> 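After the structure tokens below, expect a handful of questions from me.
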Amino acid sequence: MQAAPLDNPRYYLANFDTLIDWVCQCHADLLTEAERATVDAITRLPDASRALLVRLLMRKGDHFERSQLHYPEIGAIEAACQPLITPLADSATPDGLCRHNADLSLDEMLALVTLPRLRAAFAELPRSTPKRRMHDAISELLGDVTPRPLPAWLNDPAADTLSVGLGELSRRLSLMFFGNLRQNLSDFVLSELGLLRCETVALSPASRAFTHRWEVDRYLALEQLREDWQQASERLDRTANAELERHWQRIVAALDATASAAANELHSEPSATHQLTDAHATGGRAIDDRANAWLAQRRDRLRFSLARDAERQGWHQAAARQYACLEDSAYAPRAMPRRVRALELSGDISAAHALASERLARAEITLDEQLALERALPRLCRGLGLPAPRRARAPTTPQIALTVPDLATSAADGIHGVERAAAHALATPEAPVFYVENGLIPALFTLLCWEVLFAPLPGAFFHAFHTGPADLYRPDFVSRRQAAFEACFARLKDESYRTVIRERHQQKQGIQAPFVHWELLSEELLNHALDCIPPAHLEACFRHLLANPREHRAGLPDLIQFFPEHSSDRYRLIEVKAPTDRLQDNQRQWLALFARHAIPALECRVEWLSATEASADECSRHKAPPAS
DNA sequence: GGGTAACAAG
DNA sequence: TTCACACCATCTC
DNA sequence: GATGGTGTGTCTCTTGTTACCCAC
Ligand SMILES: [Mn+2]
Ligand SMILES: [Mn+2]
């Protein structure tokens with residue numbers, strides 16, 4: 001499987017055929033007979049017709065005016081259209097793959113027609129009517145806005161249209177191939193252009209994105225709910241809160257339907273030769289957390305997002321109820337503090353206090369949840385008239401002050417951003433500073449564990465355009481690779497880790513990988529890091545990253561400074577804070593880890609030096625390395 | 001006619 | 001389909 | 001000073017074309 005060369009005028013058709021072939025080879029049993037009939041019809045189309053179909057599929061929307069379609073490599077559109085609009089009995093598309101002059105809603109028509117043509121077609125309207133007013137204006141003018149073909153809308157017999165009629169099938173095929181809805185056929189092109197370089201991983205038909213049709217159904221259903229909500233909130237936000245809330249309730253109810261226990265059908269997957277039942281085809285089956293933990297996680301993620309939106313709308317009780325559903329999910333460390341806050345704002349401070357206390361009393365509490373709850377607890381105690389718990393939280397992270405020229409002055413010198421200004425002020429020839437944020441330590445992890453991350457485990461890689469294992473953020477990612485990760489970390493006990501990291505840096509340069517930003521990872525930076533950071537420190541950071549890759553991939557300090565000439569404390573991590581800024585939760589988590597492992601980190605509080613007081617003396621006050 | 005965003009495409 | 005920061009309001013000491 | 005909340009600029013590959021809107 002690989003992208004077609006771009007000197008092929010129909011490169012996109014070749015890519016599409018590759019996708020379809022792979023899906024049919026690996027996922028044929030996840031399609032209904034009707035869908036397979038449609039796919040077969042597509043593959044049997046004349047090349048010109050299939051090329052036109054692909055061109056349309058890759059464009060936005062389903063409806064196109066035929067006279068606007070110009071593709072030299074396809075030729076006559078008229079001829080290419082005919083096979084597309086031929087009815088297909090017993091397929092998922094009985095009316096054909098495309099439709100000729102399909103009925104268009106008013107909005108669909110407006111999306112197709114430019115303003116000058118609208119003004120010509122509806123000459124009764126004021127000439128100055130902007131397009132955004134056209135929907136209402138035409139509605140008032142005509143009264144009846146029943147969907148109708150474009151020639152009827154415009155009273156122009158020449159305005160023929162062609163509409164893609166594949167419905168959800170094209171999304172479904174793309175989802176089954178890529179395992180997500182974010183990637184599409186353009187990834188083939190990016191790959192061929194060299195802009196998307198992916199690691200080569202052995203693929204086998206046994207390794208595929210989905211193993212059951214209901215998994216695809218649920219994925220699509222969840223995504224549909226997310227889009228429905230997004231569309232509703234964009235349309236109704238700040239204008240129709242009651243209606244918006246009804247939409248929200250409907251979405252949540254649909255989510256609950258997928259969460260209810262109904263695992264009894266799990267092992268009744270019909271064979272590939274049998275027609276699927278309606279229940280299967282419509283996706284009316286619940287997600288079983290044990291059967292598919294990652295779909296359950298996607299559902300929980302959507303629930304969390306919906307609850308956050310409910311909070312923003314002020315629906316605190318409703319939000320709290322949704323957060324409560326996440327108590328046993330992977331999102332509990334984020335959801336429980338939000339639940340506390342929602343309870344608090346809904347007026348039930350005692351419930352908020354009780355929940356916060358109960359969560360904080362747990363032995364297995366994660367650091368991020370603990371930090372968030374500890375911040376809320378004193379406020380809740382005050383609200384209940386209880387004595388505030390002791391806050392013996394001495395600042396475990398040392399701070400330094402630094403005065404630098406203000407941003408306008410720095411920008412004039414080509415230094416943009418407070419982090420770069422601080423880096424410039426702190427750096428010396430003996431102690432270089434790099435602005436790395438999340439680009440160094442997680443990248444070193446990836447380089448050390450490259451083989452583990454790109455190991456061809458089932459379900460991890462299933463096409464040629466992966467930027468990392470598909471299950472990286474799924475609950476069992478580490479446990480499936482535990483022994484292999486330990487073997488990598490064992491290299492930190494001898495000296496071999498340096499060789500491995502340097503080799504990967506050389507060999508894999510430019511290949512997309514999780515946590516790696518190649519443009520940041522210069523040879524010089526790498527050498528300093530391997531020279532100055534003790535492997536025990538790296539191991540502590542790597543294990544923290546693995547403890548929760550999604551939550552811990554960010555929050556590392558802005559700068560790293562190396563002291564190659566020193567014999568101890570040969571580096572330090574520096575979080576730069578402008579006067580208007582303060583530590584964020586994920587930054588505090590990392591700083592807590594650094595304190596726990598005696599990793600040298602500090603907070604650098606920046607103050608502005610006005611241009612009139614500027615002097616080299618002031619700027620260089622705090623360059624001294626940390627005292628040891 | 002300028003400024004901007006969306007879109008198509010390699 | 002992100003991340004970090006700037007800015008604002010509020011509360012407390 | 002601490003905290004919670006919200007908005008913003010930066011990213012997603014780059015480039016050329018078109019459509020829209022607004023100010024003149
Ligand atoms: Mn930063
Ligand atoms: Mn910072």
Side-chain angles (χ1 to χ4, degrees), chain A residues 3-12 15 54-61 64 68-73 110-119 128-134 180-197 223 226-227 230 301 305 308-309 311-314 337-338 340-342 344-345 371-372 374-383 388 391 393 395 407 416-419 435 437-439 442 467 473 512 514-515 517 519-520 550-558 575-588 590 605-606:
Chain A
L6 295 171
D7 55 12
N8 175 358
R10 291 178 178 171
Y11 66 90
Y12 55 92
N15 293 334
V54 176
R55 280 291 198 192
L56 299 187
L57 283 173
M58 293 182 69
R59 289 179 58 169
K60 180 161 193 172
F64 306 92
Q68 301 301 114
L69 298 174
H70 305 289
Y71 295 111
E73 81 284 1
L110 289 173
L112 210 51
V113 182
T114 62
L115 198 46
R117 286 181 72 197
L118 283 174
R119 286 172 177 160
S128 62
T129 308
K131 183 136 189 189
R132 46 177 305 179
R133 290 283 312 148
M134 277 294 177
N180 61 63
L181 289 172
R182 172 177 46 91
Q183 293 179 279
N184 53 48
L185 279 176
S186 74
D187 285 45
F188 284 75
V189 180
L190 295 179
S191 173
E192 190 61 19
L193 287 171
L195 297 168
L196 180 67
R197 295 184 52 209
E223 195 54 36
R226 182 195 304 278
E227 286 172 16
Q230 186 177 349
R301 186 175 163 197
S305 171
R308 287 308 307 263
D309 288 343
E311 282 194 279
R312 278 187 266 274
Q313 296 292 337
R338 292 316 314 170
V340 166
R341 182 64 173 154
E344 180 188 3
L345 290 175
L371 286 172
E374 281 179 349
R375 222 172 21 207
L377 201 54
R379 190 178 61 244
L380 297 172
C381 288
R382 277 197 304 273
R391 287 287 300 267
R393 288 190 45 233
L407 286 183
H416 298 282
V418 63
E419 294 87 359
Y435 180 23
E437 239 161 20
N438 307 315
T467 60
Y473 297 126
Q512 300 278 324
F515 315 127
H517 306 279
E519 68 283 359
L520 192 76
R550 181 184 280 280
E551 302 297 326
H552 295 173
R553 64 186 166 179
L556 280 97
D558 297 311
E575 173 53 42
V576 177
K577 281 305 169 200
T580 56
D581 195 11
R582 59 179 191 263
L583 289 176
Q584 301 173 72
D585 268 0
N586 56 0
Q587 294 172 332
R588 289 166 39 146
W590 275 104
R605 303 220 156 183
V606 167

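Just so it is clear, the model here is predicted, and its values are computed rather than measured.
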> Between the side chain of A:D558 and the main-chain N/O of A:V576, is any donor-acceptor distance below 3.5 Å?
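Yes, the answer is positive, given that a donor and an acceptor are paired below the 3.5 Å cut-off.
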> Indicate, with a heavy-atom threshold strictly under 4.0 Å, whether A:R10 touches base, sugar-phosphate, or nothing.
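No contact.
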> Can any side-chain N or O of A:R119 pair as donor or acceptor with the backbone N or O of A:P116 at less than 3.5 Å?
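Flag not set: sc A:R119 to bb A:P116 has no pair under 3.5 Å.
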> Counting only side-chain heavy atoms from C-beta out, which of D:dC13, C:dA6, D:dG5 sits nearest to A:R341?
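Closest nucleotide to the A:R341 side chain: D:dG5.
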> If you check every side-chain atom of A:R375, which of C:dC7, D:dG5, D:dG4 has the closest atom?
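Selected nucleotide: D:dG4.
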> Looking at A:K577, does any N or O in its side chain come under 4.0 Å of the phosphate oxygens OP1/OP2 on C:dA4?
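Checking C:dA4 against A:K577, no side-chain N or O comes under 4.0 Å of OP1 or OP2.
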> Does C:dA4 have its OP1 or OP2 closer than 4.0 Å to a side-chain nitrogen or oxygen of A:N586?
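Yes, within the criterion.
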> With a 4.0 Å limit, can you tell me whether A:Q587 has a side-chain N or O closer than that to the phosphate oxygens OP1/OP2 of C:dA4?
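False: A:Q587 side-chain N/O out of range (4.0 Å or more) of C:dA4 OP1/OP2.
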> What residues form a salt bridge (charged side-chain N to carboxylate O under 4.0 Å, His left out) with A:E437, not counting sequence neighbours?
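So A:E437 forms no salt bridge (charged side-chain N to carboxylate O under 4.0 Å, His left out) with any residue.
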> Under 4.0 Å, heavy atoms only, any strand: does A:E311 hit a base, just the sugar-phosphate, or nothing?
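No contact.
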> Got a donor-acceptor contact below 3.5 angstrom from the A:N15 side chain to the A:A3 backbone?
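Here the side-chain-to-backbone pair does not exist.
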> Under 4.0 Å, heavy atoms only, any strand: does A:A578 hit a base, just the sugar-phosphate, or nothing?
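Sugar-phosphate only.
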> Report which part of the nucleic acid A:Q512 touches: base, sugar-phosphate, or nothing (heavy-atom distance under 4.0 Å, all strands).
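If one applies the 4.0 Å heavy-atom cut-off, A:Q512 turns out to touch nothing in the nucleic acid.
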> Are side-chain heavy atoms of A:P557 and A:Q587 found at a separation under 4.5 Å?
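Contact flag for A:P557/A:Q587 side chains = no.
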> For A:R379 and D:dT3, is the shortest distance between a side-chain N/O and OP1 or OP2 below 4.0 Å?
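Answer is no, no contact under 4.0 Å.
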> Whole angstroms only, please: what is the CG-P distance between A:L407 and C:dA4?
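Rounded to whole Å, this separation is 19 Å.
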> With DNA chain D as reference, determine whether A:E519 or A:A372 sits nearer its 5' end, using the nearest nucleotide of each.
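Upstream on the strand: A:A372.
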> Which atom pairs link the protein and nucleotides 9-13 of chain C when you take only N or O atoms and keep those under 3.5 Å?
none

> Mind checking if A:R550 touches a base, just sugar-phosphate, or nothing, with heavy atoms under 4.0 Å?
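The residue A:R550 makes sugar-phosphate contact but no base contact.
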> Show your working on side-chain contact (heavy atoms from CB on, under 4.5 Å) between A:T129 and A:L118 and close with a plain yes or no.
CA-CA 10 Å; A:T129 308; A:L118 283 174; over 6 Å; no
> Tabulate protein N/O versus nucleotide N/O from nucleotides 2-9 of chain B, keeping only pairs under 3.5 Å, one per line.
residue: B:dC7; atom: OP1; partner: A:K60; partner atom: NZ; Å: 2.9
residue: B:dC7; atom: OP2; partner: A:K60; partner atom: NZ; Å: 3.2
residue: B:dA8; atom: OP1; partner: A:R59; partner atom: NE; Å: 3.3
residue: B:dA8; atom: OP2; partner: A:K60; partner atom: N; Å: 3.2
residue: B:dA9; atom: OP1; partner: A:Y71; partner atom: OH; Å: 3.4

> Any chance CZ of A:R132 has more than 12 other-residue heavy atoms, nucleotides or ligands included, within less than 6.0 Å?
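No, CZ of A:R132 has 12 or fewer neighbouring heavy atoms, counting only those of other groups under 6.0 Å.
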> Ignoring backbone atoms, establish whether A:R553 has a side-chain N or O less than 4.0 Å from OP1 or OP2 of C:dC3.
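Yes, such a contact exists.
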> Establish, from distance only, whether the side-chain atoms of A:Y473 and A:R301 form a donor-acceptor pair under 3.5 Å.
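There is no such pair between these side chains.
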> Got a list of protein N/O to nucleotides 17-24 of chain D N/O distances below 3.5 Å?
residue: D:dC20; atom: OP1; partner: A:L115; partner atom: N; Å: 3.4
residue: D:dC20; atom: OP1; partner: A:K131; partner atom: NZ; Å: 2.8
residue: D:dC20; atom: OP2; partner: A:L115; partner atom: N; Å: 3.0
residue: D:dC21; atom: OP1; partner: A:K131; partner atom: N; Å: 3.3
residue: D:dC21; atom: OP1; partner: A:R132; partner atom: N; Å: 3.4
residue: D:dC21; atom: OP2; partner: A:K131; partner atom: N; Å: 3.2

> Strictly by Watson-Crick or wobble contacts shorter than 3.5 Å, is anything paired with D:dT10, and which nucleotide is it?
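Paired with D:dT10, as far as the under-3.5 Å criterion goes, is no nucleotide at all.
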> Return yes if some donor-acceptor pair links the side-chain N/O of A:K577 with the main-chain N/O of A:R605 below 3.5 Å, else return no.
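Looks like no, no N/O pair under 3.5 Å.
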> Which residues pass the salt bridge (charged side-chain N to carboxylate O under 4.0 Å, His left out) test with A:D309, sequence neighbours left out?
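Per chain and number, A:D309 pairs via salt bridge (charged side-chain N to carboxylate O under 4.0 Å, His left out) with A:R312.
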> Under the 3.5 angstrom rule, does the side chain of A:N586 hit a backbone N or O of A:H552 as a donor-acceptor pair?
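Checked: no pair found.
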> Just to verify, what does A:R10 make a salt bridge (charged side-chain N to carboxylate O under 4.0 Å, His left out) with, not counting sequence neighbours?
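Partners of A:R10 under the salt bridge (charged side-chain N to carboxylate O under 4.0 Å, His left out) test: none.
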